[in-house]
Amino acid sequence: MGYFTGKTVIITGGGRSVLSDGRCGSIGYGIATAYAKEGANLVITGRNVKKLEDAKEELERLYGIKVLPVQADVSAGSDNEAVVQNVVKQTIDAFGRIDVLINNAQASASGVTLTDHTTEQFDLALYSGLYAAFYYMKACHPYLKEAKGSVINFASGAGLFGNFGQCAYAAAKEGIRGLTRVAATEWGPDGINVNIVCPLAWTAQLENFEKAYPEAFKQNVKMPPAGHYGDAELEIGRVCVQLASPDFKYMSGETITLEGGMGLRP
């Protein structure tokens with residue numbers, strides 16, 4: 001039995017993705033794998049149904065847990081509160097509780113300069129990231145309060161360091177950082193742990209970014225001092241497991257920067 005046996009974790013952007021060499025290719029799926037190994041039942045959301053179904057099949061087969069895949073897309077012009085409420089309702093109907101919420105999903109038009117960014121591209125980043133975190137946190141709050149649970153949001157060095165060609169992405173991620181700190185202050189008395197993670201993991205998205213925008217990649221993505229990019233499961237996913245454990249409750253409200261092999265760096 002793992003630490004999260006009998007508990008329920010919602011992970012947005014949790015569909016299965018692989019790198020060109022076959023390894024885990026997304027942070028969301030790396031997190032899902034780490035929690036599955038600890039016995040958690042999972043609710044994974046995303047836009048791509050096949051990736052969600054592939055994740056369900058593999059995780060249930062390998063780890064004997066239950067996975068509920070729910071197609072969900074927070075975007076401009078949609079009834080986003082209804083989209084998120086549907087995810088939460090299905091979660092409660094299936095598992096009866098929510099112990100951890102992980103807001104990982106994010107889309108953006110990286111590599112496009114600020115002056116070339118369109119309103120639609122800016123909205124893409126803000127809705128899929130900042131607004132999604134806002135809606136999911138509000139909808140999950142009563143259940144997290146009951147479970148004395150945890151929220152783990154994701155930001156980025158793009159916002160911390162002002163990466164070239166990532167204005168909307170950086171704006172969304174910095175908004176999520178601010179939202180996280182406020183929630184940590186307001187929800188601390190409810191027993192809810194709230195943290196933000198700024199990861200640098202080698203993912204299929206980053207792999208594609210290098211191919212599509214090699215110059216922007218060179219300017220923005222630097223090799224960590226440890227000499228390798230973070231592993232989506234073994235480093236990013238395992239840290240998310242740690243952050244939801246009682247041992248790390250004192251760190252609520254902290255920004256955690258993760259680089260290859262660097263562990264926890266508040």
Side-chain angles (χ1 to χ4, degrees), residues 9-14 26-28 30-32 44-47 72-76 78 80-81 83-84 87-88 98 100-110 114 117 121-141 144 149-163 165-188 190 192-201 203 205-206 209 220 230 232 236-237 239-240 243-244 248 251-259 264-266:
V9 181
I10 295 178
I11 304 169
T12 69
S26 73
I27 290 174
I31 296 169
I44 54 173
T45 74
R47 294 178 292 180
D73 181 19
V74 176
S75 58
S78 299
N80 294 307
E81 288 190 86
V83 169
V84 172
V87 174
V88 172
I98 300 171
V100 184
L101 167 65
I102 298 178
N103 284 304
N104 162 73
Q106 178 73 65
S108 71
S110 293
L114 191 154
H117 243 78
Q121 289 171 331
F122 204 80
D123 282 347
L124 172 66
L126 262 64
Y127 275 91
S128 64
L130 178 57
Y131 274 101
F134 169 70
Y135 289 127
Y136 274 101
M137 289 169 72
K138 284 186 63 179
C140 290
H141 175 264
L144 292 167
S150 299
V151 178
I152 302 171
N153 292 332
F154 274 77
S156 171
L160 291 170
F161 308 121
N163 287 2
Q166 293 189 304
C167 69
Y169 180 76
K173 291 304 189 182
E174 285 298 273
I176 293 171
R177 277 216 309 147
L179 179 67
T180 302
R181 288 189 175 277
V182 171
T185 300
E186 294 181 353
W187 293 2
D190 296 333
I192 302 172
N193 194 50
V194 188
N195 286 106
I196 192 84
V197 176
C198 298
L200 178 55
T203 64
Q205 188 175 22
L206 199 59
F209 178 47
N220 292 321
I236 312 303
V239 164
C240 288
L243 287 174
F248 284 82
M251 294 187 70
S252 187
E254 294 295 331
T255 298
I256 312 301
T257 303
L258 295 175
E259 298 177 353
L264 289 168
R265 292 178 55 208

Ring geometry between His117 and Phe122 (parallel below 30°, tilted from 30 to 60°, perpendicular above 60°): perpendicular
Any side-chain heavy-atom pair of Val151 and Trp187 under 4.5 Å: yes
4.5 Å side-chain heavy-atom contact, Lys138 and Val84: no
Set of side chain to side chain contact (heavy atoms under 4.5 Å, CB included) partners for Ala105, sequence neighbours left out: Thr12
Considering all heavy atoms, the nearest Ser156-Cys198 contact: N-SG, 3.8 Å
Nearest-0.5 Å distance, CG of residue Leu101 to CG of residue Leu144: 6.0 Å
Sequence-distant partners of Phe209, side chain to side chain contact (heavy atoms under 4.5 Å, CB included), two or more places apart: Ser110, Leu206, Tyr213, Ala216, Phe217, Asn220, Val221
Val194 and Glu186, any side-chain heavy atoms less than 4.5 Å apart: no
Distance in Å, Thr180 OG1 paired with Ile152 CD1, rounded so as to fall on 0.5 Å steps: 10.5 Å
Backbone N/O of Leu243 and side chain of Asn193: donor-acceptor pair under 3.5 Å: yes
Test item: Tyr136 and Val87 side chains (from C-beta on) under 4.5 Å apart, heavy atoms: yes
Nearest non-hydrogen partners of Cys140 and Val88, listed with the distance: SG-CG2, 3.9 Å
Heavy-atom side-chain contact between Phe154 and Cys240 under 4.5 Å: yes
Ile176 side, atom CD1; Asn153 side, atom CG - distance, nearest 0.5 Å: 6.5 Å
Donor-acceptor contact below 3.5 Å, side chain Asn104 vs main chain Gly13: yes
Minimum-distance pair of heavy atoms, taken over all atoms of Gly157 and Asn163: O-OD1, 3.8 Å
CD-CG distance between Glu174 and Leu160, expressed to the nearest 0.5 angstrom: 5.5 Å
Ala155 versus Pro199, closest heavy-atom pair with distance: O-CD, 3.5 Å
Minimum heavy-atom distance between Gly28 and Ile11, given as atom pair plus value: O-CG2, 3.9 Å
Smallest separation among heavy atoms of Ala125 and Ser108, with atom names: CB-CB, 4.3 Å
Atom pair CD/OH of Glu81 and Tyr131 - distance to nearest 0.5 Å: 11.0 Å
Any donor-acceptor N/O pair, Thr45 side chain to Ala72 backbone, under 3.5 Å: no
Interatomic distance, Leu126 atom CG to Gln106 atom CD [nearest 0.5 angstrom]: 8.0 Å
